[in-house]
K.L.:
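First, the structure itself, so that you have it in front of you.
Chain naming here is simple, since letters A, B, ... match the order of the sequence lines and numbering starts at 1 in each. Keep in mind that the numbers below use all heavy atoms, side chains included, and drop hydrogens, waters and symmetry copies. These numbers come from a predicted model, not from an experiment.
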There are 2 protein chains.
Amino acid sequence: MLKKQKDIYLKTREKLKAYEYALTIINWDTETEAPSGALEKRSEVIGVLSSMYNDLVFNEEYINSVNYLYEHLEKCDDLFKREIIKVKKNLDSTLRLPKELIVEASIVSAKAGPAWVDAKINDDFSLFEPHLTKIVDIQKQMIKYLETDELKGYDVLLDQYEEGLTKEKYNEFFNLLKKELVPLIKEISETKYTHNLDFAKKNYPIAKQKEFAKYIASVMCFDYTRGLDKESEHPFTSGNSRYDVRLTNHYYEDYFVSSIFSMIHELGHATFEQQVSEKLDDTILGGCSAMALHESQSRFYENIVGRSYEFWKKHFPKLQEIFKEQLQDASLEDFYHYVNKAECSLIRTEADELTYPLHIMIRYDLEQALLTGEIEVKDLPTYWNKAYKDYLGVDVPNNKLGVLQDVHWAGGSFGYFPTYALGSAYSAQFFNAMKKDLNVEKEFASDNLQNVNAWLKDHVHQYGDSKKPEDILKDATGEEFNPKYYVEYLTNKYRKLYNLK
Amino acid sequence: MLKKQKDIYLKTREKLKAYEYALTIINWDTETEAPSGALEKRSEVIGVLSSMYNDLVFNEEYINSVNYLYEHLEKCDDLFKREIIKVKKNLDSTLRLPKELIVEASIVSAKAGPAWVDAKINDDFSLFEPHLTKIVDIQKQMIKYLETDELKGYDVLLDQYEEGLTKEKYNEFFNLLKKELVPLIKEISETKYTHNLDFAKKNYPIAKQKEFAKYIASVMCFDYTRGLDKESEHPFTSGNSRYDVRLTNHYYEDYFVSSIFSMIHELGHATFEQQVSEKLDDTILGGCSAMALHESQSRFYENIVGRSYEFWKKHFPKLQEIFKEQLQDASLEDFYHYVNKAECSLIRTEADELTYPLHIMIRYDLEQALLTGEIEVKDLPTYWNKAYKDYLGVDVPNNKLGVLQDVHWAGGSFGYFPTYALGSAYSAQFFNAMKKDLNVEKEFASDNLQNVNAWLKDHVHQYGDSKKPEDILKDATGEEFNPKYYVEYLTNKYRKLYNLK
């Protein structure tokens, strides 16, 4: 009986994974090269493939096999046990939601996207407000259906993006940030900035930026036999398995560091996926679905390695060699200070390492307030602007540069933003542990990052989804999530950068 | 009842088309950018998707719906009638073959591919011989299963690649070529060649070749909102619908005309697909599956337009502008003669317009002889070499440059080669008809080919698969396939080029 049920499960899994594979490649194609005229027909095809996928998920025989295996977990090996627990959890969520609500959610989101674009272009929140009101309402309904004994309210959504993370932990985290970072940022904003940043305003030809991006990929030991890089409007990483990991970058002639750090960031995600153990091939655990854990790796490479003095001590000469003319008068010190300049600003995606988490904190607070009904959608701009003034000290001149800047809410992604800040905090905790095993100054300044990669493979990457993120963190660092490492890391780094005592 | 059966049919069609779409995109990705390490897992996924596709095709409800609709054709409109007849024919073929034979064929081909590569690299036919023997045997078995009252022997295979084309028509065609072209080629090979071709040996940077390829695409009015071009090892065209037509090219620094003519050739295929009527959207008739008819369009643009004097009178100055240095001493006359140089050679894919069909004729004769058992696989090299000597007057120094040059037979494609020559012959017949409506000299020398495109859209492209190729030819030209136009076209063109009386 177990064998029979397992067979049913494995055969269906193989089919589901084949659909996912096809949809991933089609999506990659859409984002990187498909002609605009193809997209209407394409969305119909995606609809048909998705509906065949859902037919499989809702197939009774399959559901029964998952339930049977879940009831006989003791007969499964550890890896398969983990897989079945994950599948059962997702399946239960899916089955608990009424089909009409799922359909309604997708219709509402499909309309909200263009409305958000319109609202942003016209700087008119009222064009988006009715859509967002519906989205918040649907999120509230979904929460009701999905609540369990362990997970209530906003926690239901938070857990979807980072298994095991709840308001309790996030509150502790963000409260510490509020307490420690807000005053530090204020102090920094009052110091006088003395570095020469003229070089940053020059023009950096894209072909040469690409040359440096390839150099960075080799420093990070990206395996091009199992991946590739390309261009797209917004950089992202996409993978089907450790054998096929793809990332994109975007290049601006007048903002050259953007492509450097987005390359390192995406390569961080990609390195994670390429280093998942081959033991997880063909399972559903061969990639990491925990958003904050994934982000912790991209942020580790981007900020902790990529914005370190040691890294640029080694690689700035190469950058200067490629951009002879533009960087002839720039010193390593200037460059290092430029890529670590802290500045209170309006736009999350352009924020520096220090102020970034406060942008997230503001969204976290507002999401929560919307879902509890504490505030209403129509008052969102007011609360948004107040929070930016309170925490970052900036005046928001319009909604385009304020509450309308991110697409996430239009897509119904509530509970996703907090993972961005959490990822950075995890990365600092990993860094603290890594220091015990590696001479990080030496490693960051090496020809390549193979030893850093190897440490992260051993402690994080190899596991993919086969361990809970909280267990990976605990086993790698010897303790549960502790935001103090993040605050310490930022405080030390920025006090030193700004010569504060 | 009709409505119910039609619903079943249409729902299945939608799903089958979604699988085809996914497989086309995955294949495009494989050919143009997928990392090498991804391919093993990928072939497993393709296997799963193909098997889900086959499950749908072999579904009894679907088969019944096709049979029901076929029995009630009188109740279908013309377009749907044509669709059902095509589907029924393909389905019957599929169902007539024992599943074991299909599986055996795919296993044999999967092994034959690498064996062929090995044999070619090592110039050792004996490494490929046992595989080809099995392939020929399987083809013979397939023919037995697929024979009908109308189609016997080799005709079964020929019809698969070009509906309605049989040995009788091909024999007439190739006999005429033998009679008319072999002596002409001999005559040409005895004339003295006087043009200066030094420019052809120079180095042509790939970036500039790409610039000219884009220029050609604009001359041919390729619609980039519904398509794209890219690079791959072997140029090809691929499409999902008129809304997404993609082509590839390959660039050689030391052989610049290669990329020009393969670009025009693939754009010919692509123009066909982009100009199919939107009335055929979502049907199975929205692209052309007749190989010779498709090839007639690529060859029309490549040879009849692209190797005409008028075309280069207009566009050679642009080419000279891009390759100032390389072409400064070359004249239009030199270039025109260079791209039309007739020369007996060993390799089909590098053959010129005049000698090309003889390469095909040799393959056609040999395929037939193999299938009737007139010759055995082990003797194939001997017969191959003799045919090249008899018809092209060349000595084949080894099998690598002889019988092992093409991959087609390793893939089990018997009956496909002849469509290559037939396509050229069709194109000459279309050209003859076009001349009655258009001033072709003027059109070929225009800024762009919009009027040529429009004529071909009206007479050929719009129909996609909704008419039989023989009907398209007949309606467009006023008569059935007649190879005399091709022979006349080649004879006139080459006698003039070589100053023969």
K.L.:
With sequence neighbours left out, what residues match B:Tyr21 under ring pair (Phe, Tyr, Trp, His ring centres under 6.0 Å)?
P.N.:
none

K.L.:
Between A:Glu40, A:Lys17, A:Arg246, which shows the greatest number of heavy-atom pairs under 4.5 Å with chain B?
P.N.:
A:Arg246

K.L.:
Between A:Glu20 and B:Val45, is any pair of side-chain heavy atoms under 4.5 Å apart?
P.N.:
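No. Closest side-chain heavy atoms not under 4.5 Å.
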
K.L.:
Are there residues of residues 48-59 of chain A that reach to under 4.5 Å of chain B by heavy atoms, and which ones?
P.N.:
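Heavy-atom contacts from residues 48-59 of chain A to chain B are A:Val48, A:Leu49, A:Met52.
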
K.L.:
Please rank B:Pro35, B:Gly37, B:Ala34, B:Ala22 by heavy-atom pairs under 4.5 Å with chain A and give me the top one.
P.N.:
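Answer, by heavy-atom pair count under 4.5 Å with chain A: B:Pro35.
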
K.L.:
Under 4.5 Å, heavy atom to heavy atom, which residues of residues 264-272 of chain A contact chain B?
P.N.:
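Within residues 264-272 of chain A, no residue comes under 4.5 Å from chain B.
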
K.L.:
Taking only heavy atoms into account, what residues of residues 226-238 of chain A are found under 4.5 Å from chain B?
P.N.:
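Within residues 226-238 of chain A, the residues that come under 4.5 Å of chain B (heavy atoms only) are A:Arg226, A:Gly227, A:Leu228, A:Lys230.
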
K.L.:
Measure the shortest side-chain to side-chain distance between A:Ser36 and B:Thr225 over non-hydrogen atoms and say whether it is less than 4.5 angstrom.
P.N.:
yes

K.L.:
Under a 4.5 Å heavy-atom cut-off, does chain A meet the side chain of B:Glu33, its backbone, both or neither?
P.N.:
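Both backbone and side chain.
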
K.L.:
Side chain, backbone, both or neither: which part of A:Lys15 has a heavy atom under 4.5 Å from chain B?
P.N.:
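Contact with chain B: backbone and side chain both.
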
K.L.:
Select, from A:Trp28, A:Tyr19, A:Tyr224, the one with the greatest count of heavy-atom pairs under 4.5 Å involving chain B.
P.N.:
A:Tyr19

K.L.:
Nearest 0.5 angstrom please: B:Asp244 CG to A:Asp29 CG, how far?
P.N.:
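Here the interatomic distance stands at 7.0 Å.
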
K.L.:
Has A:Glu253 got more than 12 heavy atoms of other residues, nucleotides or ligands less than 6.0 Å from its CD?
P.N.:
yes

K.L.:
Contact between A:Ile25 and B:Arg42 at the side-chain level, heavy atoms closer than 4.5 Å - yes or no?
P.N.:
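Yes, their side chains come closer than 4.5 Å.
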
